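Because the structure is predicted, anything quoted here is derived from the model rather than measured. Below, chains carry the letters A, B, ... as their sequence lines are ordered, and counting in each starts from 1.
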Amino acid sequence: MLHALNWFWVSPVTRPLATTLSQHLPQAFFARPAEVVAPELIGCRLVKRQDNGSLLWGVVVETEAYSQEEPACHGYRNRTKRNDTLFGAPGHWYVYLTYGIHHCVNVVTDRANWANGVLLRAVAMPDEPERIAAGPGLLARRFSINRGHDGQPLSTDQGLWLAPPPTAWPLPSGDLVQTGRIGIRQGQDLPWRWYLRSSRSVSRRVAGDRPSPSVALV
DNA sequence: TTCACGATTCTA
DNA sequence: AGAATCGTGAAG
């Protein structure tokens with residue numbers, strides 16, 4: 001099982017898979033600053049109900065935080081039609097198109113009238129190529145998420161949501177890497193990117209970092 | 001109306 | 001290292 005390394009922390013499932021996947025994180029979870037929510041999102045599952053009723057899902061292994069008071073944030077300068085969702089209530093999807101090609105998927109956090117959100121940068125998919133969703137654009141492509149999802153609430157009713165991890169927070173000590181954000185020019189001093197060290201589905205690792213060995217799958 | 005550019009990815 | 005590709009916002 002080559003992908004086993006990706007799944008070390010997923011393996012001690014304590015409840016039936018369908019049960020954990022159908023749970024969704026409450027809005028209160030997102031009603032906190034992005035830099036608080038982002039690391040806690042590592043290990044959660046991104047879940048989408050497909051047309052045939054089955055659930056498409058994967059584990060969130062990389063996130064980034066953005067906040068209005070720093071220049072890398074879309075809401076740093078002013079509120080526009082494009083970034084309006086980012087200023088809205090927490091617990092909603094903020095989806096935009098970048099480079100005219102790729103969609104980026106964010107969750108709105110904190111409070112209304114304050115641009116704040118977490119970018120979902122990478123997801124590990126079970127029984128699929130390790131890098132099928134290793135990056136913001138690839139993630140959006142794999143889950144078929146587009147501007148049509150912008151402004152929608154995270155909910156099972158809407159068909160796209162985030163489920164808590166099967167095991168309790170926090171993640172095993174040392175498996176969460178905190179580092180600088182990617183693909184931005186300003187605000188690079190902020191260490192607001194987090195990823196799961198044991199996962200091979202991270203978009204880009206810090207220099208010299210290698211996926212930590214599997215712990216529990218033997 | 002025009003223009004420069006981006007929270008990226010793929011190819012050379 | 002460079003191209004692909006287009007919606008958006010600021011400028012004229």
Side-chain angles (χ1 to χ4, degrees), chain A residues 30 32-42 44 46 58-111 113-125 128-152 154 160 162 176-196 199-207 209:
Chain A
F30 302 104
R32 298 176 296 160
E35 68 272 25
V36 174
V37 175
E40 291 190 22
L41 237 29
I42 302 296
C44 294
L46 176 62
V59 176
V60 177
V61 296
E62 182 181 347
T63 59
E64 278 180 358
Y66 288 87
S67 185
Q68 182 166 339
E69 77 271 9
E70 47 93 10
C73 182
H74 281 180
Y76 177 66
R77 291 189 172 274
N78 42 31
R79 186 172 182 167
T80 66
K81 182 179 180 180
R82 181 207 191 193
N83 62 26
D84 190 65
T85 302
L86 199 56
F87 286 83
H92 291 249
W93 297 111
Y94 168 52
V95 184
Y96 64 90
L97 184 67
T98 187
Y99 292 96
I101 305 174
H102 305 286
H103 289 279
C104 288
V105 182
N106 300 251
V107 193
V108 180
T109 54
D110 206 355
R111 62 184 191 273
N113 301 312
W114 178 252
N116 206 262
V118 175
L119 171 66
L120 270 37
R121 286 196 54 93
V123 161
M125 309 285 296
E128 292 190 33
E130 291 169 346
R131 308 201 63 78
I132 189 86
L138 296 175
L139 183 159
R141 176 197 294 178
R142 181 61 190 89
F143 280 81
S144 301
I145 298 172
N146 51 55
R147 272 237 105 188
H149 294 88
D150 182 65
Q152 289 189 5
L154 279 69
L160 185 63
L162 284 165
L176 188 62
V177 178
Q178 178 176 8
T179 182
R181 294 173 296 183
I182 290 180
I184 57 172
R185 312 231 9 176
Q186 299 179 311
Q188 293 188 351
D189 49 314
L190 287 177
W192 278 6
R193 183 169 74 105
W194 291 265
Y195 70 83
L196 189 66
S199 176
R200 293 173 174 171
S201 303
V202 170
S203 70
R204 187 171 184 269
R205 323 186 70 87
V206 300
D209 182 51

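- Within the 4.5 Å cutoff, no side-chain heavy atoms of A:Gln152 are placed close to those of A:Leu160.
- Note that NE2 of A:His103 is 11.5 Å distant from OH of A:Tyr96, once rounded to the nearest 0.5 Å.
- Looking at A:Tyr66 and A:Leu86, their side chains never come closer than 4.5 Å, going by heavy atoms from C-beta outward.
- The heavy-atom pair separating A:Asn113 from A:Gln68 by the smallest distance is O-OE1, 4.3 Å.
- Using a 4.0 Å cutoff to heavy atoms of chain A, the contacted part of DNA chain B runs 5' to 3' from B:dG6 to B:dC10.
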Pair A:Val177-A:Val202, side-chain contact (heavy atoms from CB on, under 4.5 Å): steps then yes or no: CA-CA 11 Å; A:Val177 178; A:Val202 170; over 6 Å; no

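- Contact check of residues 65-73 of chain A against DNA chain B (heavy atom, cut-off under 4.0 Å) returns A:Tyr66, A:Ala72.
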Annotated protein contacts, base or backbone, on nucleotides 2-12 of chain C with a non-hydrogen cut-off under 4.0 Å, one of B, S, - each: --BBBSSSS--

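- Counting all heavy atoms, side chain and backbone alike, A:Val105 lies closest to A:Leu119 at O-CD1, 3.4 Å.
- Under the 4.5 Å side-chain criterion, counting only non-hydrogen atoms from C-beta, A:Trp194 is not in contact with A:Arg121.
- For the atom pair CG (A:Leu97) and CG (A:Asn146), the distance works out to 10.0 Å, reported to the nearest 0.5 Å.
- Judged by distance alone, with hydrogens and angles left aside, the side-chain atoms of A:Asp110 form no donor-acceptor pair with the main-chain N or O of A:Asn116 at under 3.5 Å.
- In this structure, A:Ile184 reaches the sugar-phosphate backbone alone: every heavy-atom distance under 4.0 Å involves primed, P, OP1 or OP2 atoms, never a base.
- Annotated stems with DNA chain C as a participant read B:1-6 with C:6-11, B:8-11 with C:1-4, given as range with range, by first number; only runs of 3 or more Watson-Crick or G-U pairs under 3.5 Å qualify.
- Remark: A:Gly135, A:Pro136, A:Gly137, A:Leu138, A:Arg141 in residues 132-145 of chain A come within less than 4.0 Å of DNA chain B through at least one heavy atom.
- Taking every heavy atom of both residues into account, A:Cys73 and A:Ser67 meet most closely at CB-O, 3.2 Å.
- A:Glu62 pairs in a side-chain contact (heavy atoms from CB on, under 4.5 Å) with only one of the listed residues (A:Arg193, A:Arg204, A:Arg205), which is A:Arg193.
- Using a 4.0 Å heavy-atom cutoff across all strands shown, A:Arg181 reaches no nucleic acid atom at all.
- Using a 4.5 Å heavy-atom cutoff, the side chains of A:Val206 and A:Tyr195 are in contact.
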Output side-chain donor-acceptor pairs under 3.5 Å for residues 180-191 of chain A, partner residues at least two apart or in another chain, one line each.
from, atom 1, to, atom 2, distance (Å)
A:Arg181, NH1, A:Ala65, O, 3.0
A:Arg181, NH1, A:Glu70, OE1, 3.4
A:Arg181, NH1, A:Glu70, OE2, 2.9
A:Arg181, NH2, A:Glu70, OE1, 3.0
A:Arg181, NH2, A:Gly187, O, 2.9
A:Gln188, NE2, A:Ile184, O, 2.4

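- Contact check for A:Leu41 versus A:Leu162: side-chain heavy atoms found under the 4.5 Å cut-off.
- By the 4.5 Å heavy-atom criterion applied to side chains, A:Ile145 and A:Trp93 are not counted as neighbours.
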